[in-house]
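This report concerns only the one structure given below.
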Amino acid sequence: MADSTSTVFQDRRLVLCVGPGGVGKTTCAAALGLHAAARGRKVVVVTIDPARRLAQALGLEDSTPGEVVSVVREPDVHLDALILDGAKVFESIVRDNASTPQTAEKILSSRMYQATAQRLSGALEFAAMARVQMLVDAGQHDLIVLDTPPTANAIDFLDAPKRVRELIDNPGARLLAGTGRLGARILGLGSSVLSKTLETIGGGQFIGDLGAFLREFADVLEEFHRRGGNFEQLLRSRATGVLLVTSASTFSVREAEAFLTQLADYGLRVDAVVLNRIDKTVPEPPPREQLEASLGPEHRDQLDRIWTAYAGARALGERTRRSIEAISSSRANLQVWTASRQADPPDTLPELRELGAEIFG
Ligand SMILES: Nc1ncnc2c1ncn2[C@@H]1O[C@H](COP(=O)(O)OP(=O)(O)OP(=O)(O)O)[C@@H](O)[C@H]1O
Ligand SMILES: [Mg+2]
């Protein structure tokens, strides 16, 4: 089997960091970006909602969302980062694809657009994909690391292009675009997303707006459609790999196993599972009687306390060992990489470099 580390660092053009909420996806994405950049790749990390100190470390804190910021630029190291801005991504798709600049303005200022663009389920995920594609098209980087939003379900993310397409293909929406008011009833039945918007805005005026909007929006929707299809292809190609980040808790490991199945069904290549914030395995202590004898009876209370704490640390270390075993045995040849729990959250560049060296080194 090819070594996964070299696969990630040599073959992939896009690496997705996916996993349950709060496990360290954004942190690992930054560490991966730094590590790959140090190995000579031109990298951009697309982050989603980074914690403040991490944003600071990446120089993103005062950046305009969506803007590509240079994080490290040394003779042989090229690392950029950006914070995903869903609204900006949608806006640029509208501007680039509306039939005229006037139509673009009309779409962007319509209540319909403002009410739906960000609220569609999967809108953020779709925006992330569209932004990645813009970076691919721009061709300035040879590795894009995509942090992903906390999804209860990996497929929520992967299905975003499909859901946007379904919305566009919704017969109600098509009919409405062609026939104005007549389609409204069908639409109400056909699309919960749009009917929710209908409730939000309220009233019949909306229906008229919607018909006009969909007619004007048709070109743009086609582009959304096309991008969704292209992105699915990119995801399934050899250019794309996945790092599944998780923690060693029994719950997260179960979740990770479910993710693995979903990712495989979807045709994605999981390069490795990163077990983050693990507790190191601790060796077995000497026999208690031996310790008691050497410390003397007057230290019995202290020994009790140390003994209990040590047993706790051993249990956590043991849990890590079992988690690694469970994940490794769930898939043949699946790599499991680990990162230890740090006393201080790794959110400066040197700390992220160190974390990267531990995981990928
Ligand atoms: N190895 C580690 N040791 C200690 N703290 C860590 C480690 N990895 C991540 N953290 C901390 O855990 C917190 C969550 O990390 P992070 O924001 O990267 O998770 P996430 O999976 O992106 O979360 P979300 O699902 O909310 O986007 C942060 O405070 C981060 O600094
Ligand atoms: Mg995150």
Side-chain angles (χ1 to χ4, degrees), residues 15-36 44-61 63 65-66 71 79 81-86 122-125 127-129 131-132 144-158 160 242-249 251-256 258-260 262-263 270 272-281 313 316-317 319-320 323-324 327 336-361:
V15 174
L16 272 57
C17 292
V18 309
V23 292
K25 297 180 291 298
T26 308
T27 306
C28 289
L32 169 62
L34 268 170
H35 197 79
V44 59
V45 181
V46 179
T47 66
I48 296 175
D49 199 16
R52 199 176 66 82
R53 282 182 51 94
L54 182 64
Q56 243 170 5
L58 297 176
L60 291 169
E61 198 186 31
S63 73
V71 184
L79 177 66
L82 65 93
I83 298 181
L84 181 76
D85 181 334
L124 182 64
E125 289 82 354
M129 295 177 173
R131 188 69 180 95
V132 164
I144 301 166
V145 180
L146 176 62
D147 175 24
T148 58
T151 37
N153 183 323
I155 294 306
D156 278 355
F157 188 81
L158 302 171
V242 176
L243 282 190
L244 175 54
V245 184
T246 188
S247 79
S249 77
F251 178 74
S252 299
V253 168
R254 262 197 224 119
E255 242 181 311
F259 268 35
L260 282 172
Q262 292 173 327
L263 292 164
V270 178
V273 173
V274 177
L275 265 192
N276 189 24
R277 275 184 288 192
I278 62 157
D279 302 277
K280 287 259 150 73
T281 35
L316 284 174
R319 184 183 74 170
T320 300
S323 300
I324 295 174
I327 293 176
V336 182
W337 299 337
T338 55
S340 350
R341 182 192 299 281
Q342 309 291 323
D344 286 325
D347 49 18
T348 63
L349 291 186
E351 286 163 351
L352 290 165
R353 266 194 202 101
E354 219 169 283
L355 186 74
E358 185 187 352
I359 305 175
F360 314 109

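Whatever order the structure lists ligands and atoms in, that order sets their numbers, starting from 1.
Residue G21 has no N or O atom closer than 3.5 Å to an N or O atom of ligand 1. The shortest N or O to N or O distance between L355 and ligand 1 is not under 3.5 Å. No N or O atom of D344 sits closer than 3.5 Å to an N or O atom of ligand 1. Residue T27 has at least one nitrogen or oxygen atom sitting less than 3.5 Å from a nitrogen or oxygen atom of ligand 1, judged on distance alone.
Residues L243 and V15 have side chains in contact (heavy-atom distance under 4.5 Å, counting atoms from C-beta outward). With a 4.5 Å cut-off on side-chain heavy atoms, N276 and V23 do not count as touching. Within the 4.5 Å cutoff, no side-chain heavy atoms of P345 are placed close to those of E351. By the 4.5 Å heavy-atom criterion applied to side chains, V253 and I327 are counted as neighbours. At least one side-chain heavy atom of L275 sits under 4.5 Å from a side-chain heavy atom of S323. Annotation: side chain of V273 is in contact with side chain of L260 (closest heavy-atom distance under 4.5 Å). Two residues are said to be in side-chain contact when any heavy atoms from C-beta on lie closer than 4.5 Å; L34 and V71 fail this criterion.
Near R341, meaning under 4.0 Å from any of its heavy atoms, are these atoms of ligand 1: 3 (N).
In this structure a side-chain-to-backbone donor-acceptor pair under 3.5 Å is present from R131 to G66. One N or O on the side chain of K25 and one on the backbone of P20 form a donor-acceptor pair closer than 3.5 Å. Judged by distance alone, the side chain of T281 and the main-chain N or O of G317 form no donor-acceptor pair under 3.5 Å. The backbone N or O of L82 lies less than 3.5 Å from a partner atom in the side chain of T47, making a donor-acceptor pair.
The closest protein non-hydrogen atom to atom 22 (O) of ligand 1 is T26 OG1, 2.7 Å. Nearest non-hydrogen protein atom to atom 31 (O) of ligand 1 is P345 CB, 3.1 Å. Residue, atom and distance of the protein heavy atom nearest to atom 6 (C) of ligand 1 are P346 CD, 3.4 Å. At the shortest separation from atom 2 (C) of ligand 1 among protein heavy atoms lies R277 CG, 3.3 Å. In this structure, atom 8 (N) of ligand 1 lies nearest to the protein heavy atom N276 ND2, 2.9 Å. Looking only at heavy atoms of the protein, atom 19 (O) of ligand 1 is closest to G24 N, 3.0 Å.
Residue-level proximity to ligand 1 for D49 is absent, since no heavy atom of it falls below 4.0 angstrom. At a heavy-atom cutoff of 4.0 Å, ligand 1 is contacted by the backbone of S340 but not by its side chain.
The Mg ion (ligand 2) has T26 OG1 as protein N, O or S atoms under 2.8 Å away.
Remark: atom 28 (C) of ligand 1 lies closer than 4.0 Å to no protein heavy atom.
Of the listed residues (Q342, K25, R52, R53), the one carrying the non-hydrogen atom nearest atom 4 (C) of ligand 1 is Q342.
For R341, the CZ atom counts as densely surrounded, since its 6.0 Å shell holds more than 12 non-hydrogen atoms of other residues, nucleotides or ligands. Under a cut-off of 6.0 angstrom, the local environment of CD in E354 is sparse, with at most 12 non-hydrogen atoms contributed by other residues, nucleotides or ligands.
Between T246 and E255, the side chains place no donor N or O within less than 3.5 Å of an acceptor N or O (distance only, hydrogens not considered).
A heavy-atom separation below 4.0 Å is not found between A339 and ligand 1. Not a single heavy atom of D347 sits under 4.0 Å from any atom of ligand 1. Note on ligand 1: G22 sits in its first shell, one or more heavy atoms being nearer than 4.0 Å.
Between W337 and F360, the angle of the ring planes goes over 60°, which puts this pair in the perpendicular group of the 30/60° scheme.
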